[in-house]
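Input: a single structure, listed below in structure tokens.
Quick caveat: nothing in here was measured; it's all calculated off a predicted structure.
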Amino acid sequence: MSVEGVRRRNLGEVLRLVHEEGAQSRARITASTGLNRSTVADLVAALAEAGLVEEREPDQTKRVGRPSPIVASSDDVVAIAVNPEVDALEVGAIALSGAVRARVREEADRLLTPEETAAAVARIVEGWRGRELAGKRIVGLGAAVPGLVRAADGVVRLAPHLRWREAAVGELLHEATGLRVAVGNDASLGARAEHLFGAAEGHENAVYLNGGASGIGGGLILDGRPIGGAGGYAGEWGQNRPGIPDDADRRAPDGALEDEVSRARLLHALGLVSADDPTLAAALAASTSAAVADEVERQRRILATALANAVNVLNPSVIVLGGFLGMLVAADADGFDAAVRAHALSAPAEGLVIRPAALAEDRLLIGAAEAAFAPLLADPLADPPA
């Protein structure tokens, strides 16, 4: 590798470090990277000149001696994050520092086409450019789509609940916004976000399931690496046929997991037509209805058997549940843990923890933003694409 190639790689390593692990001193960056102090100082200066990081004065009260300056990712470099769903379109602007600079949820009373979705995103982003994002650098756009996404080109092969098939979503979004676009499966991107910043942080082997309006998807981290499969389609947990020990629990003959463990069924039990995640969680927590309690318990029993299969096959150290699945666990976390273990082999369940997603309703947007940030983190000073 050329000298310039090594420098670009080191720039990316430093930027990734402060982006993923938060603000830290130059001294800690030196220790983490194994580079010498003068090299780190040069790299930080180059990143600061490019507006990607900023240096702050250290807290003089924290240590003896001359403390090292603190390096932090910029609040002014952002990625646009998009999550289309059957009931709403969510768009956010996520800073390289992790701050959510802007966010909007537009309710939908019908399914949006890929073309309508791209047009709506372009309208929202254009409005932000003159207000919330005035003077900010937008480096790209990431879309978290509830469906099968071809990793090579971002074509949505099938998003059944959105009724999108062979949709060139990446191309449509690029044409509408002019931004570099990355498209991925929503749950796979949510898994990435929770692994970096949320409930799976520090775990090298994690299973993530996302429960949304479009059903249940998932992501998998093995030995610290996201697993996408041969074409990028891995993680369709919701399409598996669940084991249901008590036939009285079955609501959809020969149905898949997402037909039985369903956000729509929870809304129906609550008498709601639609709700975002915070509203649904509050409604479940406040409900005193026996019918709602019975539906929650039914779904918990079926979900527990599905997760036990994942434990037996994959031996994760953590299972993270996002969206309404996290709400099912919150109803009785200890009881749900015991139910999973009752169906799993004891050895692979040793040390297992089951947690709701820590990033809550931001998890998919943060995951989408990470996909958009990936080229920048790989080569921070590369010229942006035309």
Side-chain angles (χ1 to χ4, degrees), residues 80-92 100 102-124 142-149 156 158-165 167 169 172-173 183-190 193 209-218 236-239 251-252 255-287 292 295-296 299 321-328 356-357 359-368:
I80 302 301
V82 177
N83 177 219
E85 261 292 3
V86 297
D87 58 350
L89 172 66
E90 288 193 330
V91 185
V100 180
R103 180 179 182 147
V104 66
R105 174 184 169 92
E106 293 190 349
E107 302 289 335
D109 57 7
R110 61 178 179 82
L111 297 178
L112 298 180
T113 67
E115 292 78 8
E116 290 172 329
T117 299
V121 171
R123 168 178 49 80
I124 291 167
V145 178
L148 299 173
V149 180
V156 177
L158 177 64
H161 299 279
L162 292 173
R163 298 180 188 168
W164 294 1
R165 185 183 294 273
V169 173
L172 289 168
L173 286 167
V183 183
N185 171 264
D186 60 347
S188 295
L189 295 177
L209 267 69
N210 187 69
S214 290
I216 297 174
E236 290 299 318
W237 300 92
Q239 289 301 307
R251 298 291 180 271
L257 176 64
E258 64 186 31
D259 297 320
E260 297 287 356
V261 180
S262 161
R263 192 175 191 274
R265 293 186 186 278
L266 292 177
L267 289 171
H268 179 74
L270 288 162
L272 299 174
V273 175
S274 65
D276 60 12
D277 279 358
T279 302
L280 177 57
L284 287 171
S287 175
V292 171
E295 178 60 20
V296 168
Q299 294 198 23
L321 300 173
F324 80 89
L325 299 180
M327 302 172 204
L328 294 177
L359 302 177
E361 66 268 24
D362 291 331
R363 66 199 183 281
L364 301 183
L365 294 181
I366 291 174

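The shortest distance between side-chain heavy atoms of Leu365 and Leu359 does not fall below 4.5 Å. Counting heavy atoms from C-beta on, the side chains of Glu115 and Leu172 come closer than 4.5 Å. Between Leu267 and Leu280, the closest side-chain pair of non-hydrogen atoms falls below 4.5 Å. No side-chain heavy atom of Arg103 sits less than 4.5 Å from a side-chain heavy atom of Val91. Between Pro84 and Leu89, some side-chain heavy-atom pair lies under the 4.5 Å cut-off. Residues Phe324 and Leu284 are not in side-chain contact: their nearest non-hydrogen atoms beyond the backbone lie 4.5 Å or more apart. No side-chain heavy atom of Leu148 sits under 4.5 Å from any side-chain heavy atom of Val156. Contact of the Glu90 side chain with the Leu364 side chain is not registered, since no non-hydrogen atoms from C-beta on lie closer than 4.5 Å.
Contact between Leu272 and Ala283 at its shortest, heavy atoms only, is CD1-CB, 4.1 Å. Listed here is the closest heavy atom pair of Val169 and Pro114: CG2-CB, 4.4 Å. Of all non-hydrogen atoms in Ala159 and Val145, the two that sit nearest each other are CB-CG1, 4.4 Å. The two residues Gly238 and Ala256 come nearest to each other via the heavy atoms O-CB, 3.2 Å. Nearest heavy atoms, Ala357 versus Gly322: CB-CA, 3.8 Å.
Using a 4.0 Å cut-off between charged nitrogen and carboxylate oxygen, Glu85 and Arg263 do not count as a salt-bridge pair. Using a 4.0 Å cut-off between a side-chain N of Lys or Arg and a carboxylate O of Asp or Glu, Arg110 and Asp87 do not qualify as a salt bridge. Salt bridge present: Arg363 and Asp277 bring a charged side-chain N and a carboxylate O closer than 4.0 Å.
Atoms CG and CD1, on Leu257 and Ile216 in that order, are 4.0 Å from each other to the nearest 0.5 Å. Interatomic distance, CG of Leu162 versus OG of Ser214, reported as 4.5 Å (0.5 Å rounding).
Formation of a donor-acceptor pair under 3.5 Å by the Thr117 side chain with backbone atoms of Thr113 is found in this model.
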**Test log, rule side chain to side chain contact (heavy atoms under 4.5 Å, CB included), inputs Leu321 and Met327** = CA-CA 9 Å; Leu321 300 173; Met327 302 172 204; over 6 Å; no

**Request:** Using the salt bridge (charged side-chain N to carboxylate O under 4.0 Å, His left out) rule, take Arg265 and Glu258 through it: C-alpha gap first, then chi angles, then the decisive distance, then the call.
**Result:** CA-CA 10 Å; Arg265 293 186 186 278; Glu258 64 186 31; over 6 Å; no

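A search for salt bridge (Lys or Arg N to Asp or Glu O under 4.0 Å) contacts involving Glu295 returns Arg298, not counting sequence neighbours.
Residues Gln299 and Glu260 have side chains that never bring a donor and an acceptor to within less than 3.5 angstrom of each other.
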